[in-house]
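Some notes on the structure that comes next.
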2 protein chains.
Amino acid sequence: MENRKTATMKDVAALADVSIATVSRFLNGNLDRMSSTTAAKIKDAIEKLNYVPNSAARQMITKASKMVAVVVANIDDYFSTELFKGVSSILEANNYTGVLFDTDSNPERERQLIQLVNDHTYDGLILQPLTESAATIEADMKRDIPIVVVDRELIHSPWTQVVTNNYEVAKSTTSHFMAAGYTHVVVLTSKISMASTREERYAGIKAAASHVDVLEVSEESYNHTQVHQKLVKLITETTEKTLVFALKERWLLEFIPSLIVQGYIDHDQATATAFSDTSTARNIEPRLQLISQDPYLMGASAAEVLVDQLVSHRRPTQDKIIIPATLR
Amino acid sequence: MENRKTATMKDVAALADVSIATVSRFLNGNLDRMSSTTAAKIKDAIEKLNYVPNSAARQMITKASKMVAVVVANIDDYFSTELFKGVSSILEANNYTGVLFDTDSNPERERQLIQLVNDHTYDGLILQPLTESAATIEADMKRDIPIVVVDRELIHSPWTQVVTNNYEVAKSTTSHFMAAGYTHVVVLTSKISMASTREERYAGIKAAASHVDVLEVSEESYNHTQVHQKLVKLITETTEKTLVFALKERWLLEFIPSLIVQGYIDHDQATATAFSDTSTARNIEPRLQLISQDPYLMGASAAEVLVDQLVSHRRPTQDKIIIPATLR
DNA sequence: CTGTTAGCGCTTTCAG
DNA sequence: CTGAAAGCGCTAACAG
């Protein structure tokens, strides 16, 4: 039990007085091809020796690990973690395990992780990419395993993509508020050009709104009160009714509550909406109408596509799956 | 490039016209033991063949994967993800990679994951356990790899534990509010007996407060308005000043904002505090005094201990590391 | 029902 | 400076 060298199949075979082939069969569940006496002896030996199969050796032969890498942009985002839960649910039902990696919104890290996944025996990859270029990823993923892209769109993607209807829902939401008289839209967002998701949302808003202002906030460093003041200014310096449209839940949570408390967001002269994946904001102010994505479903869908490729060994059948977000 | 069988070291050796031993040396950075001509030839061949080393084969020999499993209780918690980031920062500086697994607060899943980690060639494990019993874990982890426990305490732990000073900070916080006249404490929490962390926090509160009520909320299913009403009742039915003490950030975020809006939490007759890891609550109401843990530091500390064991091959030197939380 | 044997792709002595 | 060869622990024919 102490520091004994870890037992191998050979040790088990010796103790059970059978051949290693029989042990292997036992391990792989071919119990029908063996007397119950033998099976019992092997079972005993395994327990006695505290034997645990060496997965590396097995992988080397079977060329499969039953593990799928899930690489997300930021595990601090509820979106990413919920996505992973959706992925895991499907994977596990199919006897695979998902392992989660975090690029931390860092393109350099994304490269490293893709190389890591490439180097290790993962059977598949589900990726929420930072890059917009499929070519870059292909260059690093030399091994030929199934890949599914989620959330962000890639240029010339050879892989199936699972995305939200960002453009459409941003547009229809904006129209909805326009109809209610909010003709002035203030877009509150991280640097738009950093993610395809944001670009599409922004495009959707512009397609519907007549008067759009943009307030870009740096994810890492920003001055809270300064942004706050700019928001107040944008809301008050016009006679139009203003809709503050946060492209990301975080910005809603950071700035809208104080604007509400201070009376700027009064749901009359000004209101707010956002892409929001949790129920936190709604708990704070139930009157907010927000756009909800379904990251869990997106993950599950992505995993389904991946598993299909894994078991069928065929190329993706669909190139884009859209999981709609809804205003509610 | 298409469906060509993945190249092996043998192929590289053949193309470069050297032995596989030389290729192996090249791969492992022993460039000093080879002429630069040879190195160049090999480099060429590798690129031409799109060769990527088979990590399973390597692991089989070296018995190391340079990967550490991090098993957390719930990746939706900011605490868990921030912990992972702390872990990763240290791991990566030491040339290891952290991979994240989620038990989803499900003891059954925890067992499965521990077995999974046991079966695969992870070099170490950082665990935020659900179980309180070290024995259970030891039974499943037959392979003898270094383990570090974080956040929750284990009974009779053979491994180093990295924890917060839950008891002390809960007690001192309660005292702090007692001194300000809040003699009635309402503890808002998930089922206390489910986690050692909560038990300690609760004990700390009881040690300092004279009049304590407990409101246990089920993580999965609970009636928002019903809990809300109970809170209101508890606050108003006494003449004492009340402190609502949320043992977890989530409950603060779920219930306190509406209590503030409705004027129940007025920072006079009633106030609130909580263990809180993000800045969301403070953005909502800057006057709240909250207890902040440092999950990132906890993760980093745990990883440091682990790496130390990994490289030194010796048993843990400390049995408990306390990362204090602070009220601010 | 069970054993023998040939590798999987790589690292690592040990010789040159 | 480079190569030959012996495994690492396991699976999968192929025999019996």
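Chain identifiers are assigned alphabetically (A, B, ...) following the order of the sequence lines, protein sequences preceding nucleic acid strands; residue numbering begins at 1 within each chain. Treat the numbers as computed from the prediction; the structure is a model and nothing was measured.
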Among the nucleotides [options], which one has an atom lying closest to any side-chain atom of [X]?
X: M60(A); options: dC10(D), dT11(D), dC8(C); answer: dC8(C)
X: T38(A); options: dG3(C), dG9(D), dT2(C); answer: dT2(C)
X: S35(A); options: dC8(D), dC8(C), dC1(C); answer: dC1(C)
X: I61(A); options: dT5(C), dG7(C), dG9(C); answer: dG7(C)
X: T8(B); options: dC10(D), dG9(C), dT11(C); answer: dG9(C)
X: S19(A); options: dT11(C), dC10(C), dT4(C); answer: dT4(C)

Once you apply a heavy-atom cut-off of 4.0 Å, does [X] come out as touching a base, just sugar-phosphate, or nothing?
X: T22(A); answer: sugar-phosphate
X: Y51(A); answer: sugar-phosphate
X: V23(A); answer: nothing
X: L27(B); answer: nothing

Check the phosphate of dT11(D) against N28(A), side-chain N and O only, distance under 4.0 Å to OP1 or OP2. Yes or no?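 The answer is yes; a side-chain N or O of N28(A) sits under 4.0 Å from OP1 or OP2.
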Donor-acceptor pairs under 3.5 angstrom involving side-chain atoms of residues 300-310 of chain A: please list them, not counting sequence neighbours.
unit_1	atom_1	unit_2	atom_2	d
S301(A)	OG	L297(A)	O	2.8
D308(A)	OD1	R314(A)	NH2	3.1
D308(A)	OD2	R314(A)	NH2	3.1

Side-chain donor-acceptor pair under 3.5 Å between S80(B) and N74(B), yes or no?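 S80(B) vs N74(B): no donor-acceptor pair found between side chains.
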Find the distance R25(B):CZ to dC10(C):P and express it as a whole number of Å.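 To the nearest whole Å, that distance equals 15 Å.
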Going from CG on D151(B) to CD on Q128(B), what distance comes out if it is rounded to the nearest 0.5 angstrom?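 Going from CG on D151(B) over to CD on Q128(B), the span is 4.5 Å.
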Give every residue pair that meets the salt bridge (charged side-chain N to carboxylate O under 4.0 Å, His left out) criterion with at least one member in residues 103-116 of chain B, sequence neighbours excluded.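 Sorted result for residues 103-116 of chain B: K85(A)-D104(B), E92(A)-R109(B), R111(B)-D140(B).
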Quantify the bending of the helix from dC1(C)-dG16(D) to dG16(C)-dC1(D) as the angle between its end axes, each fitted on five pairs, to 10°.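 The value is 30°.
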